[in-house]
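Atoms considered below: every heavy atom in the structure, side chains included; atoms not considered: hydrogens, waters and symmetry mates. First the proteins, then the strands, lettered A, B, ... as listed; each starts at 1.
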Number of protein chains: 2
Amino acid sequence: MRLDDLPTTQGAAVAEPAVSRVDRPAPRPVRITRAEELRLQLADEIVRGQLAPGAPLDETEIARRFSVSRTPVREALRQLAASGLIEARAHRGAVVARPTLERLNGMFEAMAELEALCAGLAAERMAATERAGLEAIHEELRMLSHAGNPERFHEVNERFHNAIYAGSQNGYIAEMALATRVRVQPFRRAQFRNLGRLAKSHAEHDRVVVAIMRGDRTGAANAMRAHIELVRGEYEIYAVSV
Amino acid sequence: MRLDDLPTTQGAAVAEPAVSRVDRPAPRPVRITRAEELRLQLADEIVRGQLAPGAPLDETEIARRFSVSRTPVREALRQLAASGLIEARAHRGAVVARPTLERLNGMFEAMAELEALCAGLAAERMAATERAGLEAIHEELRMLSHAGNPERFHEVNERFHNAIYAGSQNGYIAEMALATRVRVQPFRRAQFRNLGRLAKSHAEHDRVVVAIMRGDRTGAANAMRAHIELVRGEYEIYAVSV
DNA sequence: GGTTGACTTATTGCATACAATAGCTAAGCA
DNA sequence: TGCTTAGCTATTGTATGCAATAAGTCAACC
């Protein structure tokens with residue numbers, strides 16, 4: 001998952017201007033601040049599972065580890081807390097978020113509904129080029145499902161879903177959908193249980209794509225909702241907190 | 001709008017344990033931190049319209065105004081930026097968020113869908129006591145609509161919607177709905193255009209309540225979606241940014 | 001045996017000083 | 001006149017030190 005997409009402010013992320021003129025002024029060095037760097041790094045480690053839910057995040061220790069003072073560390077931790085990836089309990093140290101089973105189920109329900117909403121809106125609003133792009137990604141996934149490469153499949157799968165978010169033409173909803181996806185990411189299994197899941201996933205996607213191409217809002221929403229419900233099996237859903 | 005509800009971390013706000021045992025250990029002084037205080041204060045001023053969209057938020061000036069150092073001010077501003085209430089442009093000062101017309105429309109669409117989702121879930125899941133509570137609030141609104149007190153009506157109206165959020169039994173979705181409501185709040189007109197709107201609003205609520213009581217998920221969702229679309233007229237929807 | 005209380009200490013909150021960056025202005029040049 | 005560039009300055013970013021709070025511990029008491 002691309003963590004640059006992590007929406008913290010009003011994420012220019014998904015709704016990026018998309019100005020792809022070649023004669024742009026300059027690539028711009030993109031001066032990144034240290035706090036920002038820490039935030040991205042920590043978020044990445046959490047989402048990738050290197051920092052498991054419940055893992056302690058000591059300000060002083062992190063400051064030492066990255067050779068910075070506590071100030072930018074605090075800032076990064078606050079941002080992460082705001083985005084829900086960590087829990088900051090005063091005077092007892094912050095830890096990687098460890099939602100209750102109930103809450104995790106709630107997040108999945110939200111994800112299903114948000115993705116369904118995006119798919120439905122996309123069916124009505126996607127521009128021709130966007131539709132073409134979605135089909136291209138879909139085709140790429142078909143080939144990857146045959147090749148049996150879960151890692152790469154997962155990557156392209158995210159592009160698939162991002163394309164549908166963007167197709168909703170509603171940046172605000174797209175951000176919520178992406179943020180939710182990021183937040184459940186730490187609970188994803190390291191590997192799919194079986195490779196057959198890839199083919200199944202592609203088949204489910206197919207129903208979504210067909211409905212979108214047909215401009216069938218309800219159909220697209222239902223297909224996507226069903227897909228997310230099934231995807232849920234790829235996640236470790238168990239009580240991680242007390 | 002109660003700003004204590006503003007969800008920044010994983011808002012214990014809406015999903016508050018609801019432990020209302022009388023013999024609770026102690027009311028707990030609720031030690032509030034300075035940064036938190038600033039955040040609430042500034043958010044309040046923004047939502048109430050005292051700080052209009054586009055108004056500058058100078059770190060140093062705010063620090064002077066509240067007699068604190070820049071550190072807690074920075075923290076508060078970051079939090080507000082994360083929740084989307086302000087825009088923090090580096091080296092040009094932060095300003096109260098000034099979404100484009102397009103984005104504002106997107107937020108309203110999101111609000112309609114989120115509230116509709118909550119109403120639908122509430123229809124299926126509300127406990128008996130919750131249903132009773134909702135009806136009580138609804139009745140209170142009926143009386144207030146006759147009394148013609150827009151201020152008070154507005155207050156109770158928020159309790160009405162919060163009750164439906166809670167009825168969804170999904171804290172995560174409830175938080176998104178509330179956060180969205182807060183974010184469009186600054187664009188609400190100071191007064192309803194006419195008092196007749198209160199009676200109309202109550203009539204729309206009535207359709208929602210009836211559907212919820214009947215356990216009619218689709219009906220409740222549709223009624224709520226329609227209500228939010230109409231409520232939209234109470235907001236100043238115009239391009240506030242360039 | 002369980003509860004209450006003070007004490008200790010880890011951890012966070014805040015203030016201040018300084019460094020660094022980017023926006024801005026104006027001068028110089030084509 | 002329009003563009004580039006250099007320097008200034010407002011503003012933000014970071015480091016460090018100290019203050020303050022609450023968590024945890026242990027002992028005394030009921």
- Task: Identify, between A:Arg78 and B:Ala90, the residue whose nearest nucleotide on DNA chain C lies closer to the 5' end.
- Result: A:Arg78

- Message: What's B:Arg89 touching, base or sugar-phosphate or nothing? Going by heavy atoms closer than 4.0 Å.
- Response: nothing

- Have a look at B:Arg181 and tell me which of B:Glu115, B:Glu158, B:Glu175 forms a salt bridge (charged side-chain N to carboxylate O under 4.0 Å, His left out) with it.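 When salt bridge (charged side-chain N to carboxylate O under 4.0 Å, His left out) is applied between B:Arg181 and each of B:Glu115, B:Glu158, B:Glu175, only B:Glu115 qualifies.
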
- With A:Arg65, which residues qualify under salt bridge (Lys or Arg N to Asp or Glu O under 4.0 Å), at least two apart?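 Testing A:Arg65 for salt bridge (Lys or Arg N to Asp or Glu O under 4.0 Å), a comparison that skips the adjacent residues, returns A:Glu45.
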
- Item | salt bridge (Lys or Arg N to Asp or Glu O under 4.0 Å) involving B:Glu113 - partner list, sequence neighbours excluded |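 In terms of salt bridge (Lys or Arg N to Asp or Glu O under 4.0 Å), with neighbours along the sequence ignored, B:Glu113 is linked to A:Arg217, B:Arg225.
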
- Report the end-to-end axis angle of the helix from C:dG1-D:dC30 to C:dA30-D:dT1; each axis comes from five terminal pairs, and the value is rounded to 10°. 30°

- Query: Angle class for the A:Tyr235/A:Phe108 ring planes (parallel below 30°, perpendicular above 60°, tilted otherwise)?
  - Reply: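 Rings of A:Tyr235 and A:Phe108: perpendicular, over 60°.
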
- Is there a donor and acceptor pair, one atom on the side chain of B:His91 and one on the base of D:dT12, closer than 3.5 Å?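 Result: no qualifying N/O pair found.
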
- Taking only N and O in the side chain of A:Thr33, is any of them less than 4.0 Å away from OP1 or OP2 of D:dT14?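 Yes, because at least one side-chain N or O of A:Thr33 sits under 4.0 Å from OP1 or OP2 of D:dT14.
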
- Message: Is the phosphate of C:dT12 approached by A:Arg74 (side-chain N or O, under 4.0 Å from OP1 or OP2)?
- Response: no

If I take atom [atom1] in residue [X] and atom [atom2] in nucleotide [N], what distance separates them, rounded to the nearest angstrom?
X: A:Leu77; N: C:dT11; atom1: CG; atom2: P; value: 14 Å
X: B:Ile86; N: D:dT12; atom1: CD1; atom2: P; value: 10 Å
X: B:Leu57; N: D:dT12; atom1: CG; atom2: P; value: 10 Å
X: A:Ile32; N: D:dT14; atom1: CD1; atom2: C1'; value: 16 Å

- Query: Quick one: side-chain hydrogen bond (donor to acceptor under 3.5 Å, both in side chains) partners of B:Gln50, sequence neighbours excluded?
  - Reply: none

- Message: Between B:Glu140 and B:Arg159, does any side-chain N to carboxylate O distance fall below 4.0 Å?
- Response: yes

- Message: Any carboxylate oxygen within less than 4.0 angstrom of a Lys/Arg side-chain nitrogen, looking at A:Glu61 and A:Arg64?
- Response: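 Judged by the 4.0 Å cut-off on N to carboxylate O distance, A:Glu61 and A:Arg64 do not form a salt bridge.
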
- Query: Which of these nucleotides, C:dG23, D:dG24, C:dT12, is closest to any side-chain atom of A:Asp58?
  - Reply: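 Among the listed nucleotides, the one closest to the side chain of A:Asp58 is C:dT12.
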
- Item | Side-chain donor-acceptor contact under 3.5 Å, B:Asn105 with B:Arg232 | yes

- Message: Any residue in residues 59-72 of chain A with a heavy atom nearer than 4.0 angstrom to DNA chain C? Just list them by number, or reply none.
- Response: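 Within residues 59-72 of chain A, the residues near DNA chain C are A:Glu59, A:Arg70.
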
- Task: On DNA chain D, check which nucleotide each of A:Glu75 and B:Arg34 is closest to and give me the residue with the more 5' one.
- Result: A:Glu75

- Item | Pairs satisfying side-chain hydrogen bond (donor to acceptor under 3.5 Å, both in side chains), at least one member in residues 128-137 of chain B, at least two apart | B:Glu130-B:Gln169

